[in-house]
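Worksheet: one structure, shown below.
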Amino acid sequence: MKTNPGRFFEDFRLGETIRHATPRTVTTGDVALYTALYGPRFTVQSSDAFAKTIGYPASPLDDLLTFHVVFGKTVPDVSLNALANLGYAEGGFHRPVYPGETLSTVSEVIGLKESSNRQTGVVYVRSTGSDASGRTVLSYCRWVLVRKRDPEAKIAEEHVPQLAKVVNPADLAHALPPLDPAAYDNALAGSPHRFADYAVGEKIDHVDGMTVEEAEHQIATRLFQNTAKVHFDAVATKETKFGKRLIYGGHVISLARALSFNGLANAFAIGGINAGRHVAPLFAGDTVYAWSEVLETAELPGRSDIGALRLRTVATKNQACGAYPDKQGEGYDPSVILDLDYWAFIPR
Amino acid sequence: MKTNPGRFFEDFRLGETIRHATPRTVTTGDVALYTALYGPRFTVQSSDAFAKTIGYPASPLDDLLTFHVVFGKTVPDVSLNALANLGYAEGGFHRPVYPGETLSTVSEVIGLKESSNRQTGVVYVRSTGSDASGRTVLSYCRWVLVRKRDPEAKIAEEHVPQLAKVVNPADLAHALPPLDPAAYDNALAGSPHRFADYAVGEKIDHVDGMTVEEAEHQIATRLFQNTAKVHFDAVATKETKFGKRLIYGGHVISLARALSFNGLANAFAIGGINAGRHVAPLFAGDTVYAWSEVLETAELPGRSDIGALRLRTVATKNQACGAYPDKQGEGYDPSVILDLDYWAFIPR
Amino acid sequence: MKTNPGRFFEDFRLGETIRHATPRTVTTGDVALYTALYGPRFTVQSSDAFAKTIGYPASPLDDLLTFHVVFGKTVPDVSLNALANLGYAEGGFHRPVYPGETLSTVSEVIGLKESSNRQTGVVYVRSTGSDASGRTVLSYCRWVLVRKRDPEAKIAEEHVPQLAKVVNPADLAHALPPLDPAAYDNALAGSPHRFADYAVGEKIDHVDGMTVEEAEHQIATRLFQNTAKVHFDAVATKETKFGKRLIYGGHVISLARALSFNGLANAFAIGGINAGRHVAPLFAGDTVYAWSEVLETAELPGRSDIGALRLRTVATKNQACGAYPDKQGEGYDPSVILDLDYWAFIPR
């Protein structure tokens, strides 16, 4: 059998390490496409000149472009037979990535838990993206519900990992070079609001909406070399419960983050991902909106240049966010599609 | 309020200077996307080798890519609450832009005129795009009809600027290095027709048509970091008079210019924009055609290598241009969507 | 007449050489778009670091990106008035192409055969793509059915060329530098299967499907500066027998090749194209699948590092390939759209 059927739940072994295929050299071509697909306007990532002025050697990639490239490689090995992407935790961006660097990904199986009906199980992996020198650029945990090939198959060893509810931003600030906040030009950056201007509990409606087309999410998902069939095959997905192509959850994260510029323009770098949940699916033709809440603010030891905001960004579909659609009873307002808890760094 | 609600008419002050956010480093990634979105074939912009042969250090960006990047930055400050983009004048491309350069934009408010119903007003700005060294690469005036927040608001000072009907191409030829017309290979450039072959009054039907998809104009408009909501939000635009997303007017300009290669292949550089008007809106699914008329031809002092053609390019939708659809009575043939008057440089 | 009406059958002369317009510098921007449009995952083309490890100076372009850029230039001169693209033969990729190189194309008319009804004729061309130093990177023959302007027009000289049924892979292996097979990491490349693992007669279903959107094929076809009207103009194509835009045949070739990674991950370079036929048209909304058969395996004189697989890749629309849909009686299974016979190089 020369083709990859993907792993089923019983094919994973606790503690096993999977080296994923297709390392990828990221380029200014990827950066242009990322801009064209999501419309981010964070100035550090947009302007080499601006980035240099404040202390970077050049514009780094948008952190989520790095995330998608690292993530995409895991799909053929981890989630080809997944029924659902259940969550993220312990995400950390450890180094800025620049055009010309090559990213590769390794995953460790850190948890396995068979479902009670024995048809499926939850696989927990810690995926680590590295550059060509082997330096970690990104590490995160995710867990997915994966089909079993054979419901009767026995699982060698099960384990549910304890994952941190919140990562410590002080452990991630090293990803940013020392910055010169005085050289950081608010007008060019798009907002006068810096670290001290954000307060815990503050909610921000990001106002703008973005309608997604089939061509857009397919172009994006292929750019990331993510091969999940459900995003690309209109014939096969006719037989699924949705009856149509499903948009890659990461597409929603990037749209929400790009929309969040309107209100968080200076929070230009993502530090860590505390938690993330794809609450409901997105389909072509839907329009994405987002709002954010400031969950925490954190000063960082030894860093007088930047602070960290713990943000919860909620994305919705076909519903503007002026009323901050949120959790509702046991679940969520029906418009909510994403609930993401992350740290962003912002100049002081 | 951390989000940008956009300025309303009464928020502008005559003579005020607005430094726009998000400088942008343009790259070969942007060039590839521009080619993919519009299909230009002007050889100087397509081939580094060809560009070097005739006197450029490398292929410069398509002038309209520069235009869109410079223009996009003005949208959040100037036209977020605009009802219509009324016109352009005094446009000049002052320097070629090469991949790797960073563009930023400043606008000066040069005119304000409240509408008689006091609900809106016309804002005139002169926008200037510069590179990271502060050298002007593009300057143009545009005027837009902007909503008032409060119809009762008083306007401090009104003024309607006198703008030149035609810019002088001799003032703009410095944007082209001295070229070697003998090294300019007509076969590689796609046409034997040079400056002397075009006559005032000549009309050229550009023949080909290009149908526009939602994904295409959205990808383009985000590439330019243009944030006007009407281009992206299918839910919000349901409530507008068109009931759907509207295509960025600059998308039409770029399509018409790319189509004009078929008949104007050697007119590879835009010098200045004399006047431009978006006569009617374009929507996804429509097909764009174009024709051009030679309005003037101009020799350029001290330049035996190039001449200038003053061209009027008319774009239509869903109507081929064999019959040169044009002005009609007080208005235009219903197929016309763009009327653009500009100078192009062409080898002699 | 300043616009290009395209050549009609009687405008071609046997032995004539046509230098095509618009040389093109290919960049990492083109590479990113190619990845985004087709989703290839061949590691040599994806990772500079991997390519260097095995003996390349950097990642070369996907061979089909080179093919499309070289091919696109021939359209305005050869096939603007073509009714059908009938076939390919004697294709050879002679040098790897790297970002920054400039490609141009010349075609020689090697055959002309008027149809018996005198309305059309078949034009055979050998097209050669070269870099800026004039070194051949790609050469191939294709033949197209072209309309006559005047059915009465006489044809000076007719000739039907004898073209090789199969090219010799030993003549093309020089396009690959000496590789270090020990340094070639199967895990990173995505498959343990090398030259010796493939057997003549083996069939591989590539499993995955890819639905094509109008925006995608238009973006791709413009990227290649291919100007065939049928791909872009929804108004004009309403009057054609299909009543809608037709997808560029090369788009299907690239999709099939990218899908073939699943089963042929290490067959990373195309050597030669023996034969190719677009069996049926593809339209937006259709989903492409593919399967391949190993027709021959060839050791290469002086090359202990690589071998060649002669592959026949069949693409279908809206029909998965588990049953290997193929020729049927005089024709093909109605799902088949492409039948391509080519050599691929693969590490030993």
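Options Ala215(A), Gly209(A), Gly190(A), Gly39(A) differ in how many heavy-atom pairs under 4.5 Å they form with chain B, and the most are formed by Gly209(A). The residue among Ala236(B), Ala234(B), Ala132(B), Gly100(B) with the most heavy atom pairs within less than 4.5 Å of chain A is Ala234(B). Contact count against chain B (heavy-atom pairs under 4.5 Å) is highest for Leu188(A) among Val31(A), Thr43(A), Leu188(A), Leu33(A).
If you measure heavy-atom distances from Ala49(A) to chain B, the contacts under 4.5 Å come from both the backbone and the side chain. Neither the backbone nor the side chain of Asp30(A) has a heavy atom closer than 4.5 Å to any heavy atom of chain B. For Tyr34(A), no part lies near chain B; criterion is any non-hydrogen pair under 4.5 Å. Proximity to chain B (any heavy atom under 4.5 Å) is shown, for Gln319(A), by neither the backbone nor the side chain. When heavy atoms are compared at a cutoff of 4.5 Å, Pro40(A) approaches chain B solely by way of its backbone atoms N, CA, C and O. Using a 4.5 Å cut-off between heavy atoms, Thr22(B) touches chain A through backbone and side chain atoms alike. Interface residue Thr28(A): backbone and side-chain heavy atoms are both found under 4.5 Å from chain B. For Pro5(B), no part lies under 4.5 angstrom from a heavy atom of chain A.
The two residues Thr102(B) and Ser47(A) have their closest heavy-atom pair at CG2-OG, 3.2 Å. Shown here for Thr27(B) and Ala32(A), the closest heavy-atom pair between the two residues is OG1-CB, 4.5 Å.
Using modelled atom types, one side-chain atom of Thr25(B) and one backbone atom of Asp48(A) make a donor-acceptor pair closer than 3.5 Å. A donor-acceptor pair under 3.5 Å links the side-chain atoms of Ser46(A) to the main chain of Pro23(B), judged by distance alone. At least one donor-acceptor pair closer than 3.5 Å links the side chain of Arg222(B) to the backbone N or O of Leu37(A). Distance alone, capped at 3.5 Å, is enough to place a donor-acceptor pair between the Thr211(A) side chain and the Phe232(B) backbone. With hydrogens and angles disregarded, no donor-acceptor distance shorter than 3.5 Å links the side chain of Lys229(B) to the backbone of Val207(A). Judged purely by atom type and a 3.5 angstrom limit, Asn262(A) uses its side chain to pair as donor or acceptor with the backbone of Asn4(B).
Note that the OG atom of Ser260(A) and the NZ atom of Lys2(B) stand 13.5 Å from one another [nearest 0.5 Å]. Going from atom OG1 of Thr227(B) over to atom CE of Met210(A) covers 9.0 Å, rounded to the nearest 0.5 Å. Note that OH of Tyr38(A) and CD1 of Ile219(B) are 10.5 Å apart. Values are rounded to the nearest 0.5 Å. Expressed to the nearest 0.5 Å, how far NE2 of His193(A) lies from CE of Met1(B) amounts to 9.5 Å.
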Subject >> Stepwise side chain to side chain contact (heavy atoms under 4.5 Å, CB included) test for Tyr289(A) and Asp233(B) >> reply: CA-CA 9 Å; Tyr289(A) 300 85; Asp233(B) 185 332; 2.8 Å; yes
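Glu213(A) pairs in a side chain to side chain contact (heavy atoms under 4.5 Å, CB included) with only one of the listed residues (Glu213(B), Glu216(B), Gln218(B)), which is Gln218(B).
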